[in-house]
Amino acid sequence: MPKPLRTSRRTWVAAWEVLCVAGIAATAALNAFPAPDPQPEKPVSAECAKYIADIETQLAKAKREGIGDGVLAFTRTRVGADDCSDEIRDHFSGDR
């Protein structure tokens with residue numbers, strides 16, 4: 001088995017310095033670019049807005065009753081109802 005190459009402490013310090021300088025340069029370059037514009041909010045259908053309001057009402061009621069640590073499940077049983085999963089996820093994503 002070949003003997004591993006020994007590197008000096010100066011080599012390791014120099015390598016770390018190069019990596020640190022590269023990281024600082026990359027951070028400065030990324031901070032120089034402005035953040036992308038936020039996506040405009042898509043309009044929510046009236047049915048989804050009503051469903052989201054119902055969910056918020058039930059969450060507020062559960063919080064008042066002290067059930068804040070539990071899990072609330074919401075289902076839709078009507079056939080032909082709008083699929084509001086994306087709208088619900090977008091609405092409540094800031095809460096988590």
Pairing residues for Thr27 by the side chain to side chain donor-acceptor pair (under 3.5 Å) criterion, not counting sequence neighbours
none
Answer whether the closest heavy-atom distance between the side chains of Ser8 and Thr11 falls below 4.5 Å.
yes
Measure the CG-CG distance between Asp54 and Leu59 for me, rounded to the nearest 0.5 Å.
9.5 Å
To the closest 0.5 Å, what do you measure between CG (Asp86) and NE2 (His91)?
14.5 Å
For Trp12, all residues meeting side chain to side chain donor-acceptor pair (under 3.5 Å), sequence neighbours excluded
Thr7
